[in-house]
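In what follows, every heavy atom counts, from backbone to side chain, and hydrogens, waters and symmetry copies are set aside. All values derive from a computational prediction rather than experimental measurement.
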Amino acid sequence: MFDTILPAPPDSILGLTDAWKSDPNPLKVNLGVGVYKDASGNTPILAAVKAAEALILQTATTKSYMPISGAPEYGRCVQEMIFGGTHEILSSGRARTAHTPGGTAALRSGADFLKKVLPNAKVWVSSPTWANHKGVFGAAGIPTVDYPYYDPASRGLDFARMQEALEQIPAGDIVLLHACCHNPSGVDLSAAQWQIVAAIAARRGWLPFLDFAYQGYGDGLEDDRAGVLALAAACPEFLVASSFSKNFGLYQDRTGALTLVAGTSQVASSAFSNVEIVIRVNYSNPPAHGGLIVSRILTDPALREQWLGELTAMREHIAATRVRFVAGLAGHGVEGDFSFIARQKGMFSFSGLSDGQVKFLRDAKSIYIVGGGRINVAGITEGNLKYLCTSIREALAVQ
């Protein structure tokens with residue numbers, strides 16, 4: 001029965017890593033998949049994570065199933081991280097959180113829930129957006145529509161066109177927003193612009209769905225929640241998909257969360273019961289380990305302080321890498337103004353490289369970059385910086 005099935009195309013991002021692994025070139029560079037790398041090019045386990053794991057192993061007494069939505073303590077920790085511990089949403093009990101296998105499962109669980117309760121809704125996504133967003137919502141049966149976001153000419157945010165588009169979105173539709181560290185552009189809204197977006201959402205009546213995959217990687221744990229807080233002040237209902245792959249380094253532990261906010265605690269419980277139904281038929285209940293790590297760190301003052309120091313170090317390392325990359329391009333004779341790279345936030349940057357230049361870098365130089373020119377800045381190290389810059393100079397010359 002399977003003989004006539006054609007092979008599916010490789011994933012646009014994870015497929016690059018597979019190709020990179022099999023590339024024999026000793027100078028090969030992987031700037032595709034979004035994982036943090038230190039100065040040596042390694043993706044380390046955070047010391048706070050190792051300490052938390054040791055404590056968990058010492059005290060664990062069961063491997064029984066988790067509840068459908070995960071441990072209540074985990075949900076409380078996630079909500080405090082998203083909103084701050086004293087926010088009205090927490091004190092009024094208007095939020096419910098499900099522990100999901102990564103941020104992708106949070107998005108998919110939210111999408112399945114929204115398809116169930118808003119069967120005719122469309123989801124509006126930024127142009128550009130993370131490559132998997134359209135796949136996730138499409139698999140849930142929700143059509144996607146683009147709204148303007150990035151301006152290639154200015155290498156910045158096209159807020160005027162974005163604002164105009166958001167004003168036209170009909171009530172009852174869904175708008176997916178990147179809370180910080182926009183993927184793939186690295187271009188974020190300012191606090192003032194978030195206030196405008198929140199006011200439009202409240203006035204027009206569309207539902208915000210925030211992808212919060214990089215909290216702490218932009219300007220800091222608290223500053224990065226500016227968009228969430230703006231929407232929380234203006235909109236009684238919204239969803240937040242969180243990921244702890246980056247800020248806790250829990251890539252392989254697949255640890256995320258879907259948080260639903262409603263107008264009252266009673267409505268939140270009613271709506272969230274439908275989220276639990278979605279989870280039950282998709283993966284039944286979450287894996288425990290990553291959630292236990294997050295909860296342990298966030299509830300232990302010493303571990304939390306240690307983790308915050310490591311998170312700050314990762315954020316500052318990426319910011320410093322951006323500056324070195326811009327200086328390296330200029331120092332190796334690459335023509336053009338690349339200063340915009342230093343202004344962007346988070347792991348990713350729209351480099352401005354064309355698809356032809358990206359292909360040249362992969363085929364001729366074994367440098368792997370996602371189509372459209374998105375690069376993972378964290379993959380740039382002192383060891384590969386010169387090779388990368390001189391290769392980009394060649395790519396710009398031949399294309």
Side-chain angles (χ1 to χ4, degrees), residues 1-25 28 30-35 43 63 65-66 68-70 98-123 125 128-146 174 176 183-184 209 211 213 241 243-245 250-258 274-291 355-356 358-359 361-363 366-372 374 376 379:
M1 289 186 288
F2 298 156
D3 289 351
T4 60
I5 297 176
L6 298 175
D11 182 86
S12 61
I13 297 176
L14 298 181
L16 281 180
T17 297
D18 293 335
W20 173 79
K21 287 180 178 178
S22 62
D23 192 327
N25 188 343
K28 63 185 179 180
N30 184 5
L31 302 180
V33 68
V35 296
T43 302
K63 290 287 186 181
Y65 289 120
M66 300 284 283
I68 291 175
S69 59
H99 173 186
T100 62
T104 303
L107 290 165
R108 180 58 191 268
S109 297
D112 285 344
F113 161 72
L114 292 172
K115 181 62 178 178
K116 180 178 181 181
V117 299
L118 300 172
N120 299 316
K122 299 185 293 293
V123 60
V125 300
T129 195
W130 179 45
N132 208 26
H133 277 150
K134 292 185 177 181
V136 168
F137 285 94
I142 303 179
T144 57
V145 188
D146 291 352
I174 306 145
L176 185 69
N183 180 3
F209 193 159
D211 188 344
S243 170
F244 301 122
S245 293
L250 297 175
Y251 301 95
Q252 65 181 221
D253 291 302
R254 307 307 300 131
T255 310
L258 175 67
N274 288 275
V275 173
E276 291 182 310
I277 293 297
V278 164
I279 289 172
R280 178 63 173 144
V281 299
N282 276 336
Y283 55 88
S284 192
N285 42 38
H289 191 64
D355 285 344
V358 168
K359 185 176 186 302
L361 288 170
R362 174 178 172 173
D363 295 346
S366 298
I367 296 173
Y368 292 80
I369 297 172
V370 177
R374 187 204 82 171
N376 174 21

Once you round to the nearest 0.5 Å, how far does [atom1] of [X] lie from [atom2] of [Y]?
X	Y	atom1	atom2	result
Asn25	Ile367	CG	CD1	9.0 Å
His133	Asp211	NE2	CG	4.0 Å
Lys115	Ile142	NZ	CD1	6.5 Å
Leu16	Leu31	CG	CG	10.0 Å
Arg254	Ser245	CZ	OG	4.5 Å
Thr255	His289	OG1	NE2	8.5 Å

Original post:
Got more than 12 heavy atoms from elsewhere within 6.0 Å of NZ, Lys359?
Top reply: no
Provide the closest heavy-atom pair for [X] versus [Y] in the form atom of the first, atom of the second, distance.
X	Y	answer
Gly371	Asp355	C-OD1, 3.7 Å
Pro143	Ala121	CD-O, 3.8 Å
Pro286	Gly70	CG-CA, 3.8 Å
Lys21	Lys28	O-NZ, 3.4 Å
Gly103	Ala241	O-CB, 4.4 Å
Glu276	Ser69	OE2-OG, 3.6 Å

Subject >> Pairing of Asp112 and Arg108 as salt bridge, 4.0 angstrom limit >> reply: yes
Would you say the side chain of [Y] lies within less than 4.5 Å of the side chain of [X], judging by non-hydrogen atoms?
X	Y	result
Thr100	Tyr283	yes
Trp130	Leu107	yes
Asp146	Val125	yes

Original post:
For Gly379, does its backbone N or O pair with a side-chain atom of Asn30 as donor and acceptor, under 3.5 Å?
Top reply: no
Subject >> Donor-acceptor contact below 3.5 Å, side chain Arg362 vs main chain Ile369 >> reply: no
Subject >> Intermediate values then yes/no, side-chain contact (heavy atoms from CB on, under 4.5 Å), Asp23 and Tyr368 >> reply: CA-CA 10 Å; Asp23 192 327; Tyr368 292 80; 2.6 Å; yes
Subject >> Test ring pair (Phe, Tyr, Trp, His ring centres under 6.0 Å) applied to Phe137 - qualifying residues, sequence neighbours left out >> reply: Phe209
